[in-house]
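These notes concern the structure reproduced below.
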Amino acid sequence: MISLVKGDITKDHNVQAIVNAANQSLLGGGGVDGAIHRAAGPKLLEECRRLNGCTTGNAKITNAYNLPCEHVIHTVGPIWNGGFQGEETLLSKCYENSLKLAVKNHIRTIAFPSISTGVYGYPVEDAARVALHTVNSFLSDHWQEIDEVKWVLFDDRTYQAYQKELDKLRNAGELYINKMLQNSAVAKAYGDAMDLGNLMTIAPHKKRYYSRYDINWLIDEIDLGKKHSYVTFWHENAGYENGIFSQWYHDPGCPIIINGREYLTAEQYMMSEKALLFGDLESYSKIMSEPSPRKCKQLGRGVKNFDQGIWDTAFREILFHGNLGKAQSDIQFLSALLDTEDAVLIEASPYDDIYGAGIEKQDLLTIDGELKVHPKNWHKEGSSKQAENNLGFVLMGIRDLYNDLMR
Ligand code: APR
C-alpha cells in the first residue's frame, strides 16, 4: 500500500523504519537529518560514525534508539544542478536502495521524507514523480514483502505534489495493485492473506464469495434509518445512466483480460465460464465468438448439463472475477466505480421489475429527503425472480478492495 501523510517523520507513524535524507558523511546536518538525530539521541551519531559515510544514491541502516520505530535507513540524495548531472537516476536509486535494504532486513513498513527537495534543491514536482514511480515499480515486484510505503511530508506544497503524482498513477491504472490483482489466483491469495472478512470471505466448502453487502444488510441499513446515497444502473448499453456498470457494457477499445484471455464484456466472461463449468464446449466456443452480450446470455441459458445448485454456488465468484477483470482492464470503469465513493449500487430496471434488484426506479422512495429503496420492493410479488442485486453488491465489494489497497 502507498500512503501519504503530512507531518514530522520523527513522530510515531506506525512503521518499522524511517528513512533519513542524510549527507555523505552521515554525521548529521540540518533539515530532516537534524530532526532525526535530535529525536534519536547521541547513540545514533555514534553508530553512524562507524559506517564510514555513504555515497549519493546509496543507503545504510542503523538502529533507531529513541525514535518510535526500529530502524533508520540513511540515504544520500543528489544535489540539484539543473538536472543534467544524473540527478534523476541518483534520486531513484535512493528509493530503490532504501527499499532493497528494507526487504533484506525483513522490514515491511517504511516511511520516507521527500528526499533532496529541501537543502539539496530538487524541484518538488519532479522529485515526487521520480519517487512515486520508483516505489510503485519496486512494489510491483515486491508487494508480498512490503506492506506499506508511507511518505511523511512536511508542508502543504510538498504534500500536494506527491498527491498529484499518486492520483496520476491511479487514474492511469498503473498503480502496482492492478498488476498484483492481475489474476484471480492473486486476488484469492490477497483475500486469504488479508482476511478481508468484512469484504470477501472465501468459503472453501462452498467456493463462494460472500460480499459483506447483501439484501439483508441493506434492509437492515434502511430499517435502522442509515443514510445512504444510491447509484442505480441498468443493462443493454452505456447510454443508460451509469450503463458502464452493466454486465453488457463494453468499450471495443478496451477488452477485458482475465488470466490472459480477452473478453468483450463481463457477460461473455460469465457465460463462457458457465459453459466450461458444465463441460459444454460447444456452447463455450459459440459464446467466445459471439460479440452480442444479449446473445451470450441466451447461449448461456442453453448450456447443457446445467445444475442450478452448482451454479448457485459458483456464479457469484464468477461474477466477482468477471468484474474484477473489468476493473483491471478498463480504467474508465474503475474510475467511475471509485467515484461512487460509499454510495449503494443497485441494478435497477427503469421499466421492468423482474430483473436486477426487483425494483423499478420509481420504487426508489424518498424517505426524509433521501432516496431510499424500500425493502418491500426487493422481492416483488409476482416477480419471477427473487432479485438479489448481486452485481450491485459485487461491484461494491470490488470498490472496497481497491479502496482498501489504496488507503
Ligand atoms: N519530517 C519530515 N520531513 C521533513 C522534516 C521532518 N521533521 N524536516 C524537514 N523535512 C522535509 C523538508 O521540508 C523537505 O521537504 O524533508 C525534505 C527534505 O529536506 P532536507 O531535510 O533539507 O533534505 P535534502 O533536501 O535531502 O538535503 C539533505 O540537508 O539536512 C541536510 O544533512 C542533510 O546535507 C544534507 C541535506
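For ligands, and for the atoms within them, numbers begin at 1 and follow the listed sequence.
Taking NZ from Lys286 and CG from Leu281, the interatomic distance works out to 12.0 Å, rounded to the nearest 0.5 Å.
Taking every heavy atom of Ala35 and a limit of under 4.0 angstrom, the matching atoms of ligand 1 come to 7 (N). Listed by number with element, the atoms of ligand 1 under 4.0 Å from a non-hydrogen atom of Thr117 are 14 (C), 15 (O), 17 (C), 25 (O). Contact atoms of ligand 1 toward Asp33: 30 (O), 32 (O), 33 (C) (distance under 4.0 Å to a heavy atom of the residue). Here is the list of ligand 1 atoms found below 4.0 Å of a heavy atom in Ala21: 23 (O), 26 (O), 28 (C), 33 (C).
The pair Lys100-Glu145 does not meet the salt-bridge criterion, since no charged nitrogen lies less than 4.0 angstrom from a carboxylate oxygen.
Residue-to-ligand polar distances place Val32 within reach of ligand 1: an N/O pair is separated by less than 3.5 Å.
Using a 3.5 Å distance cut-off with no hydrogens or angles, the side chains of His74 and Thr62 do pair a donor with an acceptor. Using modelled atom types and a 3.5 Å distance limit, the side chains of Tyr65 and Glu47 yield a donor-acceptor pair.
Proximity of Gly77 to ligand 1 is not established, as no heavy-atom distance is less than 4.0 Å. Under the 4.0 angstrom criterion for non-hydrogen atoms, Asp8 is in contact with ligand 1.
The closest heavy-atom contact to atom 18 (C) of ligand 1, among the options Gly31, Ser114, Gly7, comes from Ser114.
Aromatic pair Phe138/Tyr95: ring centres not closer than 6.0 Å.
When each of Lys150, His13, Glu148 is paired with Ser3, the side chain to side chain donor-acceptor pair (under 3.5 Å) condition holds for Glu148 and for no other.
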